[in-house]
Amino acid sequence: MMYFPRNWVKRMSVCIMISMLSAGCGQPQRESGSVTNMPDSFHFMDIGANTVIDSSMRNQLIKTLGSEAVNRKSTIYLDLKYTGFLKKTYPDLAELDQKLNINDMVRKEYPATKLTFRHTKETGSLFDFVELIYDNNSGCPLLIKMAVKKEIPNLINTIKEKYGPPQKIPIEDGRGFSLSWRKESDVFVIARFPGLYKTELPEYRMMIVYRNRLEHLLSQQAAAEKQPKDQSADHFF
């Protein structure tokens with residue numbers, strides 16, 4: 001029979017316990033109650049303002065939308081289709097976008113993860129493209145963007161039934177339109193951009209702006225930037 005020193009057995013027991021506690025910890029664990037609740041507003045695939053995008057939710061998204069590209073330190077850009085769209089149609093969102101970005105040329109990065117789904121057709125999804133950005137600290141969504149290149153009357157009717165009549169704004173010299181719903185300061189936009197040619201299908205760009213979450217992120221960032229930085233040792237010696 002092999003003999004193991006008592007101290008060695010004790011150390012091994014501690015290591016095994018640590019390994020068991022660490023299992024499945026691929027994502028940061030959040031303390032219970034650490035996520036600030038926001039007013040509930042719009043939903044996309046069971047994701048709302050207070051949904052935590054954990055591994056289970058990400059697996060569900062992959063199953064429905066296909067493989068994802070991940071950027072764990074992301075820019076947050078609100079404009080749809082082209083720069084200047086918001087300034088013409090939704091000045092308040094353009095103002096929020098300006099708070100999020102230094103200018104049109106320099107985009108600020110945030111502690112937020114961007115999930116981009118470009119292979120949606122492989123799963124038979126309605127959407128051609130989906131982008132979801134969530135706060136790394138809370139795990140809750142900040143912005144969801146979607147694109148569809150075909151007419152979607154059934155989808156629009158479903159959204160109208162759920163959220164009521166939208167505000168409608170003509171765009172593209174009246175050849176297109178933009179619909180918007182507002183709830184608890186959050187905004188849901190669906191914009192129809194006509195094709196370049198009469199035979200070309202229109203493109204619908206959609207986004208859910210979780211404004212409460214974005215404003216909370218901005219206030220957190222402003223507070224962090226005001227924190228005094230560690231002084232160099234040269235200051236003391």
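Sequential numbering from 1 along the given sequence is applied to the chain's residues.
- Counting Ile, Leu, Val, Met, Phe, Trp and Tyr side chains that sit under 4.5 Å apart, directly or through other members, L201 stands alone, with no cluster partners.
- Taking the side chain as every heavy atom from C-beta outward, L65 and M45 approach each other to under 4.5 Å.
- Contact detail for W181 and P165: the closest heavy-atom pair is NE1-C, 4.0 Å.
- The shortest heavy-atom contact between R175 and G195 is NH1-O, 4.0 Å.
- Partner of Y77 under the side-chain hydrogen bond (donor to acceptor under 3.5 Å, both in side chains) criterion, chosen from N101, T83, D97: T83.
- In the hydrophobic clustering, L214 connects to I76, L78, L80, Y82, F85, L86, Y90, L93, L96, L100, Y110, I133, L142, L143, I169, I171, V187, V189, F193, M207, V209, L217, L218, either directly or through intervening members, whenever side-chain heavy atoms lie under 4.5 Å apart.
- In this structure, the side chains of Q167 and L179 stay at 4.5 Å or more apart for every pair of heavy atoms.
- Environment of CG in N59: crowded, with over 12 heavy atoms of neighbouring residues, nucleotides or ligands closer than 6.0 Å.
- Annotation: the span from R211 atom CZ to E215 atom CD amounts to 5.0 Å, rounded to 0.5 Å.
- Between the side chains of E184 and S41, no donor-acceptor pair is found at a separation under 3.5 Å.
- Closest of all the heavy-atom pairs between F117 and G66 is CD2-O, 3.4 Å.
- Interatomic distance, CG of L155 versus CE of M146, reported as 9.0 Å (0.5 Å rounding).
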Practice problem: May I have the step-by-step check of side chain to side chain contact (heavy atoms under 4.5 Å, CB included) for I53 and I47, ending in yes or no? | Solution: CA-CA 8 Å; I53 312 299; I47 295 172; 4.0 Å; yes

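- Taking K149 as the reference, E200 meet the salt bridge (charged side-chain N to carboxylate O under 4.0 Å, His left out) condition, with sequence neighbours excluded.
- In terms of modelled atom types and a separation under 3.5 Å, the side chain of D135 and the main chain of C140 share no donor-acceptor contact.
- In this structure, I190 and F177 have side chains that are not in contact, with every pair of non-hydrogen atoms separated by 4.5 Å or more.
- The salt bridge (charged side-chain N to carboxylate O under 4.0 Å, His left out) test applied to E131 returns no partner, not counting sequence neighbours.
- Between the side chain of K145 and the backbone N or O of D79 there is at least one donor-acceptor pair closer than 3.5 Å.
- Pairs passing the ring-ring contact (aromatic ring centres under 6.0 Å, His included) check and including a residue from residues 36-56, sequence neighbours excluded, read F42-Y163, F42-F188, F44-F127.
- Using a 4.0 Å cut-off between charged nitrogen and carboxylate oxygen, D92 and R182 count as a salt-bridge pair.
- Residues forming a side chain to side chain contact (heavy atoms under 4.5 Å, CB included) with S185 (at least two apart in sequence, or on another chain): N212.
- Listed by chain and number, the residues in a salt bridge (charged side-chain N to carboxylate O under 4.0 Å, His left out) with K108 are E225 (sequence neighbours excluded).
- In this structure, S74 contributes its side chain and N71 its backbone to no donor-acceptor pair below 3.5 Å.
- Using a cut-off of 4.0 Å between Lys/Arg side-chain N and Asp/Glu carboxylate O, K121 and D128 are scored as salt-bridged.
- Every pair tested for salt bridge (charged side-chain N to carboxylate O under 4.0 Å, His left out) that includes a residue from residues 159-171 fails, sequence neighbours excluded, so the list is empty.
- A salt bridge links R205 with E203; the closest basic N to acidic carboxylate O contact falls under 4.0 Å.
- For E109, the side chain to side chain contact (heavy atoms under 4.5 Å, CB included) partners are K73, T75, not counting sequence neighbours.
- With hydrogens and angles ignored, the 3.5 Å screen pairs a side-chain donor or acceptor of R213 with a backbone N or O of A49.
- A salt bridge links E151 and R192; the closest N-O separation between the charged side-chain nitrogens and carboxylate oxygens is under 4.0 Å.
- When the side chain to side chain contact (heavy atoms under 4.5 Å, CB included) test is applied to N37, the partners found at least two apart in sequence or on another chain are N50.
- Residue pairs meeting the ring-ring contact (aromatic ring centres under 6.0 Å, His included) criterion with at least one member in residues 54-74, sequence neighbours excluded, do not occur.
- The shortest side-chain heavy-atom distance between I62 and H119 does not fall under the 4.5 Å cut-off.
- Between the CG atom in L132 and the CE atom in M57 there is a gap of 9.5 Å [rounded to 0.5 Å].
- Remark: the backbone N or O of L61 is not paired with any side-chain donor or acceptor of T64 at under 3.5 angstrom.
- Legend: salt bridge (charged side-chain N to carboxylate O under 4.0 Å, His left out) pairs involving residues 60-72, not counting sequence neighbours, sorted by first then second residue: R58-E68.
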Practice problem: Verify side chain to side chain contact (heavy atoms under 4.5 Å, CB included) between F129 and T116, making sure each step is shown before the conclusion. | Solution: CA-CA 8 Å; F129 168 88; T116 306; 3.5 Å; yes

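- Closest approach of P141 and G48 over heavy atoms only: CG-O, 3.1 Å.
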